[in-house]
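Chain identifiers are assigned alphabetically (A, B, ...) following the order of the sequence lines, protein sequences preceding nucleic acid strands; residue numbering begins at 1 within each chain.
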Amino acid sequence: MDIKAQIKDKLRKALLDLGIEGLEIELEQPKQLSFGDYTTNAAMKAFATPNLKSKILNLKSPKELAKRIVEIFNSKFVIHDSIVGKVEAVGGFINFHLSANYLGTWLEEVLRDNEKLVNKPKSSSNKIVVEYSSPNIAKPFTIGHLRSTIIGDAVANLLEVTGRKVYRDNHIGDWGSQFGKLTYAIKTWGNEEEIEKAENPVKELVNLYIKFHEEAEKNPKLEDYGREWFKKLEDGDLEARRLWQKCIDWSWMEFNNLYSELNVKFTENNGRGYGESFFEDKMKQVIEELREKDLLKEDQEAFLIYFKNDKLPPLMILKTDGTTLYATRDLATDKFRLEKYGKDIKIINEVGAEQSLYFQQLFELEKMLGWFNAGQRVHVRHGLYRFKDQKMSTRKGNVIWLEDLLNEAEKRALSLSKQDSISISQNARRIGIGALKWNDLKRNSIQDIIFDWEDILNMQGDSGPYMQYTYARTHSVLAKVKSSSNAKATADKEKLKVKSSIQDLKFDELEKEEIHLLRYLYRYSDVVTQAADSLSPNIICNYLFNLAQRFNLFYQKHKVIGSDNEDQRLALVSLTGITIKHGLGILNIEVPEKV
RNA sequence: GCGCCUGUAGCUCAACGGAUAGAGCAAUUCACUUCUAAUGAAUAGGUUGUGGGUUCGAUUCCCGCCAGGCGCGCCA
């Protein structure tokens, strides 16, 4: 039984002594460490619950009730309890302070076995598909796709470290009517050989795509030509297929480079993910099922899904010319996933918030089809990157290319240090990418981000480089211990082997910053669980940044090597490093040992 | 017009219905022959858009209004 469960259990017994039964006890980590390691509002809750109130009528306030509970708790348990060092009633809250001895024991245990850093839930059989990144072939891989890539990757990592089986999928946009437009554009204004020779073929394709939309504004007939070419593609026309395949090859060259720079990987379909075209021959079957279940209604030669009581606008499945849409392919995709991974599979799509309505429609339809139960389909949304005065738009050509962004990030990282440093120039690319990732992950992802170079490549304070730097400091201390012969403890790269026995380590003698650091480290496991449950990597960022601040405060104030409490302090440094590394691992941010 | 999202310090953002609403950036001041100053300490900065309601307790939940963003059948 873990600590939380133990405390809850004892609390329940204490409440029973007062005749209070059936109250759901919540044990939380209070915001401030001065309020203890765990806290409960049980007294206030009991007081506010009418049928419980009658039993405690002799008590005037939640405050008194909390006091009574603590008295019982203390007389029954705490005296012989080495885990909880102190229980106190503050206001109506009951706060539990873990003993320094217990925290020290815990720290040693985690240092011995890093696996114990995060408690994995017992039932870890959940299987989850996380679909993210999903760039479009022949379109720029922009800062917008970067969001989905970075956030989706972090969400997948979060689920994995908390014991789920995760399938990482990339729903590449390699099918759809944009290929009709593009084919027309290549044939009319483009030159295949020149595209082939160009430094960045995708940029050439995008220019053609932009030209198509410019021309189409003057001459709406172009839209029809585009549709014709897409129809040809769907019908298997050889020329249409050939050009389509070319576009895919050109695009993949670029995608592969970016994924390897970002260290992002996918597990499905040999690491490529199942693109939309994979489902091209699987849509017929889905359309059949929709017809059989009498869900498909015709309107002006197109086929749509209508929802009960018009609670959602209709969703188009087949266009007037008989070709498919995004929705058709998504349905085929999810059908395929049901068959491949089993009907209890959970599917998360990390896609921009602008598609919220579409996903509502899709999920509702999939429910009508009887494919999924509530909670099995999730849309993790992220806000848009916007310019101050306009939207980013591929069609209009005002986008930030990821390539340029990474170069700028590297440039800024280079000029970061006040001192000259060789290692910075070696690490600039990784530091720049770390800054970029952190800035995408540190905020609640639903918000739009106004594009600003200063902001997204921030490298001071609450930033990726700050975290990397802090890690490097921990590493540096341990490296010095390792090379020093006087040191009492020896440090491995990862694990600190504390020679002393548990009894010798005196954590209750540590000073305030140190014991606070230790208690904050203890929270990590709960934080990871919370972040995973709410699919919010930013919770990890908040925690890590706080941890780093506590560590830097401690680091600035206390000498570690050669101090009286060297063993304890080294253990703290070591665990801080391990925790930061683990956390940044979830966020997929590299931790250079020297920066 | 309808739907969804957002509104917190000058700027960018935190805060599971809880305790004195916290950080970073910017500003002013202080601390570098260091176990890495890419850091730390201190000061200043708030009617949480607005008006009601629910609650022992509301930045958080509900309703109205204001402002911004996104979306609403042949794009994805």
[atom1] of [X] versus [atom2] of [N]: gap in Å, rounded?
| X | N | atom1 | atom2 | answer |
| --- | --- | --- | --- | --- |
| A/Asp448 | B/G68 | CG | C1' | 10 Å |
| A/Gln361 | B/G73 | CD | P | 9 Å |
| A/Leu357 | B/G71 | CG | P | 11 Å |
| A/Leu441 | B/G24 | CG | P | 20 Å |
| A/Met44 | B/C16 | CE | C1' | 14 Å |
| A/Arg550 | B/G22 | CZ | P | 13 Å |
| A/Asp174 | B/A76 | CG | C1' | 12 Å |
| A/Gln360 | B/C5 | CD | P | 9 Å |

With the six-membered base ring of B/G40 as reference, does the ring of A/Tyr555 sit under 5.5 Å away with planes under 30° apart?
no
Aro-ring/base stack A/Tyr466-B/A38, d under 5.5 Å, angle under 30°
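No, A/Tyr466 does not stack on the base of B/A38.
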Paired with [N] by Watson-Crick or G-U wobble geometry, both distances under 3.5 Å: which nucleotide is it?
| N | value |
| --- | --- |
| B/U48 | none |
| B/G22 | B/C13 |
| B/C61 | B/G53 |

Using OP1 and OP2 only, check whether a side-chain N or O of [X] sits under 4.0 Å from [N].
| X | N | answer |
| --- | --- | --- |
| A/Lys559 | B/C35 | yes |
| A/Arg473 | B/A38 | no |
| A/Lys31 | B/A19 | yes |
| A/Ser177 | B/C75 | yes |

Has the side chain of [X] got a donor or acceptor atom sitting under 3.5 Å from an opposite partner on the base of [N]?
| X | N | answer |
| --- | --- | --- |
| A/Gln178 | B/C75 | no |
| A/Ser134 | B/A76 | no |
| A/Asn95 | B/A19 | yes |
| A/Asn552 | B/G40 | no |

From [options], nucleotide with atom closest to [X] side chain:
| X | options | result |
| --- | --- | --- |
| A/Pro314 | B/G73, B/G24, B/C35 | B/G73 |
| A/Glu276 | B/A19, B/U12, B/A76 | B/A76 |
| A/Phe545 | B/A76, B/A23, B/A31 | B/A23 |

Could you check B/G18 for me: syn (within 90° of 0) or anti?
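Anti.
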Note: A/Arg147-A/Glu350 ion pair, threshold 4.0 Å (strictly below)
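Not counted as a salt bridge, because no side-chain N and carboxylate O are separated by less than 4.0 Å.
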Charged N to carboxylate O under 4.0 angstrom, A/Glu454 versus A/Arg412?
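A salt bridge is present here (some side-chain N lies under 4.0 Å from a carboxylate O).
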CG of A/Leu27 to CG of A/Leu11, rounded to nearest 0.5 Å, is 7.5 Å
Are side-chain heavy atoms of A/Leu457 and A/Asn439 found at a separation under 4.5 Å?
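Contact flag for A/Leu457/A/Asn439 side chains = no.
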Reckon A/His379 touches a base, only the sugar-phosphate, or nothing at all at heavy-atom distances under 4.0 Å?
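No contact at all - A/His379 keeps every heavy atom at 4.0 Å or more from the nucleic acid.
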